[in-house]
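As structure tokens, the structure follows; a few thoughts come after it.
Bear in mind that the values here come from a model prediction, so they are computed numbers and not experimental data.
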Amino acid sequence: MRHVLIIDGLNLIHRARVAMAESENGCTFAALRSVRSLVERFKPDVAYFVLEGVPRRRIEASEGTYKAQRSSMDDSFWNQKRQITDLISRHLPVIVTRHADYEADDVIAHLAEKHHIEDRVTIVSTDTDFTQLLRSDSRRITLYSPIKDIFVEAPPYDYVQWKALRGDGADNIPGIPGIGDKRATVLVTEGGALEAYFKKKPETRAIFEHNLSMIGFEDLTETWKQTTFSEPIRKNEELRSTMQGLGIFSLTNDKTWPKWISSFDRLWIPFSFQQT
């Protein structure tokens with residue numbers, strides 16, 4: 001059984017932006033440092049850096065309100081995001097993955113549940129939606145929260161149902177009025193409570209069913225072949241030179257660079273590469 005590391009790419013980049021907001025190319029520096037740190041910590045056999053596509057079905061189903069409340073980033077952020085994606089996809093054995101028509105969440109779920117069904121998977125993200133992949137009777141899939149530095153535990157109830165009741169403010173999905181965390185927990189844990197609630201308030205069932213379809217992961221089986229995967233080439237000195245050109249010297253000096261780049265040696269094994 002291999003160990004597969006799946007990094008929620010945009011989630012990591014946003015954290016890097018916050019960490020180094022005032023520094024030129026600071027987001028790029030912090031993101032590359034974080035990727036290396038995760039690879040060094042978990043020592044995976046395979047690693048992915050998953051990026052966002054456009055969730056067309058969810059946008060249409062919400063009439064354009066899905067995640068519409070999120071503020072836009074400035075040009076500096078998007079330029080550094082391109083830098084990060086380019087450097088990883090071309091020069092590091094961390095496979096940059098994206099499906100044009102689906103969110104990173106859906107791609108990550110497919111990788112964990114279907115593409116690597118025989119492997120042990122560690123997902124790195126602060127996004128609580130991945131909780132629905134966790135099982136109390138299995139540790140094959142684990143979710144690591146880098147901000148809290150903890151592995152998230154599987155809840156003792158159906159997480160998607162729970163979240164469909166209370167909504168998801170982060171994604172602009174309104175919950176059922178009057179239902180908060182505690183009420184939702186009661187409804188999904190006490191036998192018959194949820195159906196009794198819908199019989200009492202039948203008008204809320206449509207909200208619940210809509211939210212289930214918005215929160216649960218998409219099935220990518222039929223379109224999985226449209227997913228793109230980077231094919232990096234090992235050119236360490238070219239990577240080093242590019243990073244130095246961006247002013248990233250603390251990772252590329254003579255003392256740090258050999259240690260930094262050697263963290264990725266294990267991940268190069270499956271690739272045919274040219275070492276320089």
[X] bridged to [Y] by N-O distance under 4.0 Å:
| X | Y | result |
| --- | --- | --- |
| E113 | R140 | no |
| R41 | D149 | yes |
| R58 | D106 | yes |
| K81 | D86 | no |
| E52 | R98 | no |

* What class does the angle between the rings of W268 and F271 fall in, given that below 30° is parallel, 30 to 60° is tilted and above 60° is perpendicular? ->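 W268 and F271: perpendicular rings.
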Notebook entry, point to check: For the hydrophobic clusters of this structure (ILVMFWY residues joined by side-chain heavy atoms under 4.5 Å, transitively), does one cluster hold both F249 and L246?
Noted result: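 Looking at the clustering, L246 is in a separate group from F249.
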Going only through I, L, V, M, F, W and Y residues with side-chain contacts under 4.5 Å, is there a path from V50 to F229?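 Both belong to a single hydrophobic cluster.
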* Begin with the C-alpha distance, continue with both residues' side-chain angles, and end with the deciding distance and a verdict on side chain to side chain contact (heavy atoms under 4.5 Å, CB included) for V35 and I88. => CA-CA 9 Å; V35 169; I88 296 174; 4.1 Å; yes
Taken in chain and number order and not counting sequence neighbours, the residues that satisfy ring-ring contact (aromatic ring centres under 6.0 Å, His included) with H115 are W224
Would you call [X] and [Y] a side-chain contact if the rule is heavy atoms closer than 4.5 Å?
| X | Y | value |
| --- | --- | --- |
| I13 | R17 | no |
| F130 | I108 | yes |
| F208 | L194 | yes |
| P44 | T122 | no |
| R166 | D181 | yes |
| R15 | P146 | yes |
| V107 | F217 | no |
| E203 | F198 | no |

Side-chain donor/acceptor of [X] to backbone N/O of [Y], under 3.5 Å:
| X | Y | answer |
| --- | --- | --- |
| Y157 | V186 | no |
| D101 | V54 | no |
| S241 | E238 | no |
| K200 | Y197 | no |
| D119 | R2 | yes |
| S89 | T85 | yes |
| S125 | D127 | yes |
| T223 | Q226 | no |
| Q132 | V160 | no |
| T256 | L251 | no |

Using side chain to side chain contact (heavy atoms under 4.5 Å, CB included), reason through V46 and L5 one step at a time and then give a plain yes or no. CA-CA 6 Å; V46 183; L5 177 67; over 6 Å; no
Does E231, at its CD atom, have more than 12 non-hydrogen atoms belonging to other residues, nucleotides or ligands within less than 6.0 Å?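 Not buried by this count: 12 neighbours or fewer within 6.0 Å.
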### Query
NZ of K114: more than 12 outside heavy atoms within 6.0 angstrom?
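Atom NZ in K114 is packed in, count exceeds 12.
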Rounded to the nearest 0.5 Å, how far apart are [atom1] of [X] and [atom2] of [Y]?
| X | Y | atom1 | atom2 | result |
| --- | --- | --- | --- | --- |
| S62 | H210 | OG | NE2 | 6.5 Å |
| I233 | L239 | CD1 | CG | 13.0 Å |
| T126 | D8 | OG1 | CG | 7.5 Å |
| D168 | D171 | CG | CG | 4.0 Å |
| F42 | S37 | CZ | OG | 8.5 Å |
| I215 | Y159 | CD1 | OH | 8.0 Å |

S263 and K43: CA distance, side-chain angles, deciding distance, side chain to side chain donor-acceptor pair (under 3.5 Å) verdict: CA-CA 8 Å; S263 297; K43 295 179 171 53; over 6 Å; no
Examine the side chains of R240 and T252 and answer whether a donor and an acceptor come within less than 3.5 Å of each other.
no
Donor-acceptor side-chain pairing of Y102 and T227 below 3.5 angstrom =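 The answer is no; no qualifying pair exists.
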Tell me the closest heavy-atom pair linking [X] and [Y], and the distance in Å.
| X | Y | result |
| --- | --- | --- |
| I123 | A112 | CD1-CB, 4.4 Å |
| N211 | P174 | ND2-O, 3.0 Å |
| A30 | A16 | CB-CB, 3.7 Å |

*asked:* As a quick check of understanding, evaluate salt bridge (Lys or Arg N to Asp or Glu O under 4.0 Å) for E103 and R56, giving each step before the final call.
replied: CA-CA 9 Å; E103 292 180 82; R56 304 183 191 283; over 6 Å; no
Report the C-alpha separation of V152 and L134 in whole Å, then their side-chain angles, then the decisive distance to 0.1 Å, and conclude whether the side chain to side chain contact (heavy atoms under 4.5 Å, CB included) test is met.
CA-CA 9 Å; V152 178; L134 306 180; 4.0 Å; yes
- prompt: Are F77 and H14 an aromatic pair by the rule of ring centers under 6.0 Å?
  reply: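 Between F77 and H14, the centre distance is under 6.0 Å.
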Requested in this report: Kindly state whether the ring of Y48 and the ring of H116 have centres lying under 6.0 angstrom apart.
Outcome: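 Yes, the ring of Y48 comes within the 6.0 Å limit of the ring of H116, centre to centre.
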Item to complete: Walk me through it: do D74 and S76 pass the test side chain to side chain donor-acceptor pair (under 3.5 Å)?
Response: CA-CA 5 Å; D74 59 21; S76 175; 4.6 Å; no
inquiry  = Between T228 and H99, does the side chain to side chain donor-acceptor pair (under 3.5 Å) criterion hold? Intermediate values first, please.
reply    = CA-CA 6 Å; T228 59; H99 192 300; over 6 Å; no
Report the C-alpha distance between F49 and I6 in whole Å, list the side-chain angles of each, state the deciding distance to 0.1 Å, and finish with yes or no for side chain to side chain contact (heavy atoms under 4.5 Å, CB included).
CA-CA 6 Å; F49 191 83; I6 306 179; over 6 Å; no
